[in-house]
Amino acid sequence: MSKFSERVLSVVSKIPRGRTLTYKEVARRAGSPRAFRAVGNILNSYDSKKMKVPCHRVIRSDGQSGGYRWGARKKLILLKKERAAA
DNA sequence: AATGAGGCCCTAA
DNA sequence: ATTAGGGCCTCAT
């Protein structure tokens, strides 16, 4: 658990419902604007294993939902639902 | 505008 | 300690 990972998890946890941030944004807030790659990796491992973080609210800068540990489809559904509920 | 190839940052083995 | 992988991003064609 590096400082960066903590930061990333913290930032992602602070993402309000119905709001989505890009990996780039998260990485930037985490302190490493070029670590967007690591962000995905961290969310993939840590979130699914121990920490409960709305990693599905993190999407690509292209507007695509990107991938998802539990299935990219699920991510899209979650995002749509949250967006509607927001 | 869309597609292809390259590179940086992190974690896990 | 090094190698490989990844939910990516950006530049070039």
Side-chain angles (χ1 to χ4, degrees):
Chain A
M1 186 69 121
S2 296
K3 200 72 182 191
F4 181 71
S5 51
E6 289 184 49
R7 193 76 181 170
V8 172
L9 294 169
S10 186
V11 172
V12 177
S13 311
K14 291 186 182 78
I15 299 176
R17 191 144 154 267
R19 186 64 186 275
T20 54
L21 284 177
T22 63
Y23 290 96
K24 196 169 187 287
E25 285 284 301
V26 177
R28 185 174 234 184
R29 290 190 184 187
S32 297
R34 307 296 137 131
F36 36 75
R37 267 181 157 264
V39 175
N41 212 335
I42 290 163
L43 293 178
N44 178 16
S45 292
Y46 280 90
D47 175 49
S48 61
K49 284 190 174 102
K50 295 165 187 176
M51 299 211 171
K52 286 99 178 174
V53 182
C55 54
H56 56 267
R57 290 184 192 156
V58 186
I59 60 175
R60 293 183 41 168
S61 57
D62 300 66
Q64 300 300 112
S65 67
Y68 197 43
R69 225 291 190 164
W70 307 321
R73 293 273 307 279
K74 197 89 180 195
K75 188 172 183 176
L76 285 167
I77 296 168
L78 283 165
L79 288 173
K80 189 163 65 176
K81 289 174 72 172
E82 289 192 353
R83 187 175 55 163

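To find a chain, count down the sequence lines: A is the first, B the second, and so on, and within it residues start at 1.
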- Would you kindly give the CD1-to-P distance between Ile15(A) and dG7(C), to the nearest whole Å? 19 Å
- Query: Arg37(A) has a side chain; which of dT10(C), dC8(C), dG7(C) sits nearest to it?
  - Reply: dC8(C)
- When we call it a touch if two heavy atoms are under 4.0 Å apart, what does Val39(A) touch: a base, just sugar-phosphate, or nothing? nothing
- Of Ser5(A) and Phe36(A), whose nearest nucleotide on DNA chain B comes first from the 5' end? Phe36(A)
- Message: Counting only side-chain nitrogens and oxygens, does Ser32(A) get under 4.0 Å of the OP1 or OP2 atom of dC9(B)?
- Response: no
- Query: Any side-chain N or O of Arg60(A) under 4.0 Å from OP1/OP2 of dC9(C)?
  - Reply: yes
- Item | Spacing of Gln64(A) atom CD relative to dC9(C) atom C1', expressed in whole Å | 14 Å
- Message: Between C1' on dA13(B) and CG on Asn41(A), what's the gap in Å once rounded to a whole number?
- Response: 13 Å
- Query: Quick check: does any side chain N or O of Lys75(A) sit under 3.5 Å from a backbone N or O of Tyr68(A), one acting as donor and the other as acceptor?
  - Reply: no
- Task: Taking the side chain as every heavy atom from C-beta outward, state whether Leu9(A) and Met1(A) have any atom pair closer than 4.5 Å.
- Result: yes
- Check whether any side-chain nitrogen or oxygen of Lys3(A) sits under 4.0 Å from OP1 or OP2 of dC10(B), and answer yes or no. no
- Message: Taking the nucleotide of DNA chain C with the nearest heavy atom to each, does Asp62(A) or Ala38(A) sit closer to the 5' end?
- Response: Ala38(A)
- Do Lys74(A) and Leu78(A) come within less than 4.5 Å of each other through their side chains, counting heavy atoms only? yes
- Task: Remember a base hit wins even if backbone is also touched, and classify Ser65(A) as base, sugar-phosphate or nothing at under 4.0 Å, heavy atoms.
- Result: nothing
- Side chain of Phe4(A): nearest nucleotide among dC10(B), dG7(C), dG6(C)? dC10(B)
- Query: Below 4.0 angstrom from OP1 or OP2 of dC9(C), is there any side-chain N or O of Thr22(A)?
  - Reply: no
- Would you mind telling me which of Asn41(A), Ile42(A), Leu43(A) makes a side chain to side chain contact (heavy atoms under 4.5 Å, CB included) with Val39(A)? Leu43(A)
- Can you find an N or O donor on one side and an acceptor on the other, under 3.5 Å apart, linking the side chain of Tyr23(A) with the base of dG7(C)? yes
- Item | Donor-acceptor under 3.5 Å (Arg29(A) side chain, Val11(A) main chain) | no
- Item | Dot-bracket line, read 5' to 3' along DNA chain B, where crossing pairs take [ ] and | marks a partner on another strand, Watson-Crick or G-U under 3.5 Å | .||||||.|||||
- Arg7(A) atom CZ, neighbour heavy-atom count above 12 within 6.0 Å: no
